[in-house]
Amino acid sequence: MDLATLTQTVTFFALAGAVLFAALGVVLLDNVVYSAFLLGGVFLSISGLYILMNADFVSAAQILIYVGAVNVLILFAIMLVNKREAYTPVPGRWLRQGGAAVVSLGVFALLTKMILQTPWKISALPPTPDSIKTIGRHFFSDFLLPFELASVLLLMALIGAVVLARRELVLEPEPILGEEVVPPLELPERPREPVALSEK
Amino acid sequence: MESGIDLQGQFISALESFGLSHDLAKLLWLPLPMLMMLIVATVGVLVAVWLERKISAAVQQRIGPEYIGPLGILAPLADGLKLIFKEDVLPANSDRWLFTLGPAVVVIPVFLSYIIVPFGQNLLISNLAMGVFLWIALSSIAPIGLLMSGYASNNKYSLLGGLRAAAQSISYEIPLALAVLAVAMMSNGLSTVEIVEQQSAYGILSWNVWRQPIGFLIFWIAALAECERLPFDLPEAEEELVAGYQTEYAGMKFALFYLGAYVNLVLSALLVSVLYFGGWSFPIPLETIAHLLGIPETNPFLQIAFAVLGITMTLVKAYFFVFLAILLRWTVPRVRIDQLLDLGWKFLLPVGLVNLLLTAGLKLAFPLAFGG
């Protein structure tokens with residue numbers, strides 16, 4: 001075993017261990033903040049695994065999107081609504097936990113069986129040094145449809161975020177006599193002001 | 001590709017001539033550039049801190065550090081020694097683990113980003129194909145460390161500072177990435193070496209700043225905001241938040257934040273010089289000079305001279321921008337948090353998108369000038 005292989009093996013086991021323990025910590029710890037930070041650890045370790053598989057672009061994108069954006073937003077949300085309330089103990093909690101454990105173990109066993117039974121095709125080709133160009137070429141040829149669909153999805157999310165953030169008062173039509181007035185849906189934390197008042 | 005000086009190859013072949021195996025020689029080589037980069041980054045920070053003290057003094061018509069070494073050059077070293085010997089205070093009811101981990105999470109990605117900073121054709125740790133993208137990805141880890149230390153300090157100012165830092169960092173990463181994207185589009189690649197080579201054909205005339213003036217301004221503003229330098233130092237605004245997420249830190253942990261901030265500043269300045277000001281290339285193309293003097297390019301002395309000149313040029317350009325940032329810090333007032341976010345989302349982001357579109361259009365229209 002030469003130096004490169006040895007380094008790869010050691011790094012793989014270290015990263016895989018980090019992924020497993022951090023993921024278990026995310027699920028099992030009681031403190032939400034710890035779980036969120038450990039989730040960042042899981043994402044980072046997975047990006048390390050991508051580097052081991054010569055997928056340098058995917059690993060950097062993993063760090064940028066999952067660690068830099070998703071995880072930071074999760075933390076941000078947790079810290080903005082950090083209420084520090086003690087959860088009331090639920091009677092028969094062990095039953096739920098036991099049920100969850102059984103279901104999870106079942107899924108785990110099924111997945112293991114699937115992984116062991118599938119004949120995986122491992123490419124013997126040397127890895128491309130310029131993975132970005134290969135990925136780009138695929139995006140604009142045979143993976144064009146998923147690529148464009150993803151952009152439509154992102155646009156929808158963008159518009160949704162704008163709609164949620166603006167939250168202007170829509171003037172409802174006068175209720176018809178005799179009909180019960182349904183209060184419009186509103187989010188609890190901010191008082192609704194008419195548009196004319198909120199603008200200076 | 002022009003070979004230039006290949007230190008790694010020569011080191012390994014020299015060790016192999018002593019009878020070591022190739023693997024062992026490579027193993028001995030590996031830590032050298034990393035150590036070199038750590039030292040370079042730290043010395044760069046010491047110089048930047050000294051500059052900060054001297055320039056701020058000059059701006060305020062003081063003299064600044066004077067007796068600690070000639071011209072007060074040793075003042076940053078004295079700062080560092082003082083911080084090392086200070087007591088490590090852990091605030092009451094704080095979260096010990098997160099409190100300790102926070103500064104490390106902030107500092108490590110910044111040092112890691114030095115992997116891609118080139119000082120010459122082969123004078124960088126690793127010429128990655130992703131180059132600048134790696135820097136953008138790594139710089140997005142830092143807000144996690146800031147949130148961590150802000151949360152763990154058990155102090156409302158710290159928490160507010162951490163939240164502000166995260167919001168600021170997320171908002172300004174997008175214009176930064178868009179500005180870099182326009183440059184990457186022109187140089188057909190993300191590798192820093194490719195980007196510099198694309199600009200070095202006609203000396204100063206071919207530097208990216210002439211073709212990307214809007215992109216350069218966006219990049220510089222966003223980089224200042226990412227470094228939390230003064231017009232945008234909201235996360236540690238002294239008058240409002242004591243010192244933001246650093247409030248509860250003392251000793252070496254505070255020193256790590258301090259170091260990280262300055263390393264980040266020097267790194268941003270280096271990247272401005274790489275992306276927009278031709279990196280290590282001289283204002284007049286050196287090959288032309290060598291040709292005029294009648295010296296062949298393979299002459300070893302010429303190559304050493306070129307390498308030294310390249311490192312000097314990179315540092316001169318980078319420290320010019322460090323100087324600008326320091327001058328800005330001591331002359332401009334701080335913006336408000338809503339102004340900061342408005343500038344990022346409502347001005348820089350649309351302008352960055354337009355810049356990207358413009359670059360794409362120009363690239364199609366004038367493929368010769370815009371790297372078609």
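Every chain is numbered from 1 and lettered A, B, ... according to where its sequence line falls, protein lines coming before strand lines. As a basis for the values below, the full set of heavy atoms in this structure was taken, side chains included, without hydrogen atoms, waters or symmetry mates.
- Looking at Leu101(B), neither its backbone nor its side chain comes within 4.5 Å of chain A, counting heavy atoms on both sides.
- Scanning all heavy atoms of the two residues, the minimum distance from Glu173(B) to Leu64(A) falls at OE1-CD1, 4.3 Å.
- Only the side chain of Leu44(A) comes within less than 4.5 Å of a heavy atom of chain B; its backbone N, CA, C and O stay farther away.
- Contact tally against chain A (heavy-atom pairs below 4.5 Å) for Ile136(B), Ile170(B), Leu163(B): the top residue is Leu163(B).
- Both the backbone and the side chain of Phe57(A) come within contact range of chain B, with heavy atoms under 4.5 Å apart.
- Minimum interatomic distance between Ala137(B) and Ala60(A) (heavy atoms only, all atoms of both residues): CB-O, 3.4 Å.
- Your options are Gly40(A), Ala36(A), Ala61(A), and the one with the most heavy-atom pairs under 4.5 Å with chain B is Ala61(A).
- Annotation: Phe21(A), atom CZ; neighbour count of heavy atoms from other residues, nucleotides and ligands within 6.0 Å does not exceed 12.
- A distance of 9.5 Å separates CZ of Phe43(A) from CD1 of Ile144(B), quoted to the nearest 0.5 Å.
- Heavy-atom distances place both the backbone and the side chain of Ile63(A) under 4.5 Å from chain B.
- If you measure heavy-atom distances from Leu147(B) to chain A, the contacts under 4.5 Å come from both the backbone and the side chain.
- Interatomic distance, Leu75(A) CG to Tyr151(B) OH, rounded to the nearest 0.5 Å: 10.5 Å.
- Of the atoms belonging to Ala167(B), heavy atoms from both backbone and side chain fall under 4.5 Å from chain A.
- Chain A forms the most heavy-atom pairs under 4.5 Å with one residue out of Ile141(B), Val105(B), Leu138(B), Leu98(B), and that residue is Leu98(B).
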